Amino acid sequence: MLRPNQKRFVALVLFTAAIWLFVLPGLAKTELVDSRNRWLKEKGVAPSALMYADHPVAMKTLERLDQIERENRGALWIPTCLRRPTTPK
């Protein structure tokens with residue numbers, strides 16, 4: 001017999017599995033997601049790259065943040081050990 005904590009854990013695992021195996025694949029087939037993926041592909045962006053820092057928009061953002069940091073040292077509260085080396089443009 002399962003203890004109450006074990007029952008909750010099993011319920012959580014089953015709930016997560018249901019979302020992962022049924023809900024998310026169902027959402028992926030919707031017109032909204034499909035149109036967004038088509039739009040991204042037209043722009044030359046892999047839809048799966050949206051979470052990576054090599055995404056073109058992310059690179060532009062990082063460049064802008066670097067510019068702000070160069071112009072106003074310390075404005076972004078970035079510790080010295082984490083600052084990217086400055087490169088002349």
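These numbers come from a predicted model, not from an experiment.
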Other hydrophobic cluster members with L14, side-chain heavy atoms of Ile/Leu/Val/Met/Phe/Trp/Tyr under 4.5 Å, chained?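 Direct or chained contacts put L14 with L2, V10.
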Members other than V13 in its cluster, when Ile, Leu, Val, Met, Phe, Trp, Tyr link by side-chain heavy atoms under 4.5 Å?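 V13 shares its hydrophobic cluster with F9.
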Identify whether [X] and [Y] are in the same connected component of the hydrophobic contact network (ILVMFWY, side-chain heavy atoms under 4.5 Å).
{"X": "L40", "Y": "V33", "answer": "no"}
{"X": "F15", "Y": "L21", "answer": "yes"}
{"X": "W20", "Y": "F22", "answer": "yes"}

Applying salt bridge (charged side-chain N to carboxylate O under 4.0 Å, His left out), which residue pairs with at least one partner in residues 9-34 are found, sequence neighbours left out?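 Those involving residues 9-34 are E31-R38, D34-R38.
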Could you pull out the closest heavy-atom pair between K7 and M1, with the gap in Å?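 Heavy-atom minimum between the residues: NZ-CE, 4.0 Å.
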Between [atom1] of [X] and [atom2] of [Y], what distance do you get to the nearest 0.5 Å?
{"X": "L65", "Y": "K60", "atom1": "CG", "atom2": "NZ", "value": "14.5 Å"}
{"X": "E71", "Y": "D66", "atom1": "CD", "atom2": "CG", "value": "11.0 Å"}
{"X": "R64", "Y": "L62", "atom1": "CZ", "atom2": "CG", "value": "13.0 Å"}

